[in-house]
2 protein chains.
Amino acid sequence: MTAKRTRCTPESALLDLLEPTLFKSLADPTRLQVLYRLSCATKPQTVTEIADCCGVHLSGVSRHLAALREAGVVQAQKQGREVRYLLDCARIAAAFEELAEAFGRCAAAKAEHPPS
Amino acid sequence: MTAKRTRCTPESALLDLLEPTLFKSLADPTRLQVLYRLSCATKPQTVTEIADCCGVHLSGVSRHLAALREAGVVQAQKQGREVRYLLDCARIAAAFEELAEAFGRCAAAKAEHPPS
DNA sequence: CGAATACTTGCATGAATGTGCAAGCATGCA
DNA sequence: TGCATGCTTGCACATTCATGCAAGTATTCG
């Protein structure tokens, strides 16, 4: 392991990045649909608005949003009796950037030490 | 095979990137263990070698590797009666890089048009 | 040939999970 | 206060899925 660089995170070891939570939250078509909906929206969306787009019952969408919130992918803003969800784009981008760099280093390491 | 997406297009729409296959393949702890094992290895590993590291039956590991291969995360090299699996680091890094860029653009767009 | 090794696959089982319905909270409004 | 609205949660059900065992396939060796 030659992780010595300092960038997005000082020490992004692949082992720490390979945690199932984020990937689990993205492993469902409905949740991805929710994510895409939020990515297009110009302002935080209510559960009802999101549910209107995916053909899933409101309660299911609510559960999906809870899962995405658990994974740190979306944030919730309670406003009166409605809850508006918004995508944490910067956080997601940072997570993927870390992963890209870690696997990039992995590729570089393997290119440097080719299999005999 | 998921040869639907052509390549690393400079303009990668988020909708195309949010495809469950890759995330599904990474949503399991055992598969992540396999992935990490392959990332550390200096040369392609046999199914038996990989199975020795994760506490899962050989047949299960074989199935996991098949899933990872379907997702384009690993490649298989048949050598005689053994099959050596290797991580496609460059491909994975590129996929995550695309995602990071797409969500980065998303974040930038939202910063530009803040919710009123 | 037959036997051994390496891996894959069919089958059964238990656990996890996505879904809808209905009930339960919480908040706003008349 | 009563009622409507928005969301969450308990429950039941169906599906998916990870796992182990056993059988099957492929390849090498004697």
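Here is the naming used below: chain letters follow the sequence lines, and residue numbers restart at 1 for every chain.
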Using a 3.5 Å cut-off and no angle test, enumerate the donor-acceptor pairs between side-chain atoms of residues 22-29 of chain B and protein atoms at least two apart in sequence or in another chain.
| residue | atom | partner | partner atom | Å |
| --- | --- | --- | --- | --- |
| B/K24 | NZ | A/A27 | O | 3.2 |
| B/S25 | OG | B/L22 | O | 2.6 |
| B/D28 | OD2 | B/T30 | N | 3.0 |
| B/D28 | OD2 | B/R31 | N | 3.1 |

So if I take every side-chain heavy atom of A/R63 and compare against C/dC7, D/dC17, C/dT19, which nucleotide ends up nearest? C/dT19

Does D/dC17 have its OP1 or OP2 closer than 4.0 Å to a side-chain nitrogen or oxygen of B/H64? no

Considering heavy-atom distances to DNA chain C, does A/Q79 or A/G55 have its closest nucleotide positioned more toward the 5' end? A/G55

Run A/E49 and A/R84 through salt bridge (Lys or Arg N to Asp or Glu O under 4.0 Å) and show every step you take. CA-CA 9 Å; A/E49 287 169 341; A/R84 308 199 85 97; 3.5 Å; yes

How many whole angstroms separate atom NZ of A/K78 from atom P of C/dG28? 8 Å

Counting only side-chain nitrogens and oxygens, does A/R81 get under 4.0 Å of the OP1 or OP2 atom of D/dA4? no

What about B/S59: does its side chain form a donor-acceptor pair under 3.5 Å with the base of D/dC21? yes

Classify A/G60 by what it touches in the nucleic acid, base, sugar-phosphate, or nothing, heavy-atom distance under 4.0 Å. nothing

Does OP1 or OP2 of D/dG6 have a side-chain N or O of A/Y85 closer than 4.0 Å? no

Using whole Å, report how far CD1 of B/I50 lies from P of C/dC7. 9 Å

Protein-nucleotide distance (A/R69, atom CZ; D/dT8, atom C1'), rounded to Å: 10 Å

Check this one for me: any side-chain N or O of A/T30 less than 4.0 Å away from OP1 or OP2 of C/dT19? yes

Roughly, in whole Å, what's the span from CD in A/E82 to P in C/dG28? 10 Å

Could you tell me the separation between the CD atom of B/E49 and the P atom of C/dT5, rounded to a whole number of Å? 16 Å

Find the distance A/D28:CG to D/dT15:P and express it as a whole number of Å. 16 Å

Is there a donor and acceptor pair, one atom on the side chain of A/R31 and one on the base of C/dG18, closer than 3.5 Å? no

Might you point out which heavy atoms bring A/C53 and A/Q33 nearest each other, and give the distance in Å? O-NE2, 3.7 Å

Is it the case that the base of D/dG6 and the side chain of A/R84 share a donor-acceptor contact (distance under 3.5 Å, atom types as modelled)? no

Taking side-chain contact (heavy atoms from CB on, under 4.5 Å) as the definition, give me every residue that meets it alongside A/A66, ordered by chain and number, with sequence neighbours left out. A/R69

Picking from D/dT27, C/dT8, C/dT19, which would you name as closest to the side chain of B/S62? C/dT8

Between CG of A/D52 and C1' of D/dC7 the distance, given in whole Å, is 14 Å

Residue whose closest nucleotide on DNA chain C lies nearer the 5' end, B/L65 versus A/H57: B/L65

Flag yes if more than 12 heavy atoms outside A/R91 fall under 6.0 Å of its CZ atom; otherwise flag no. no

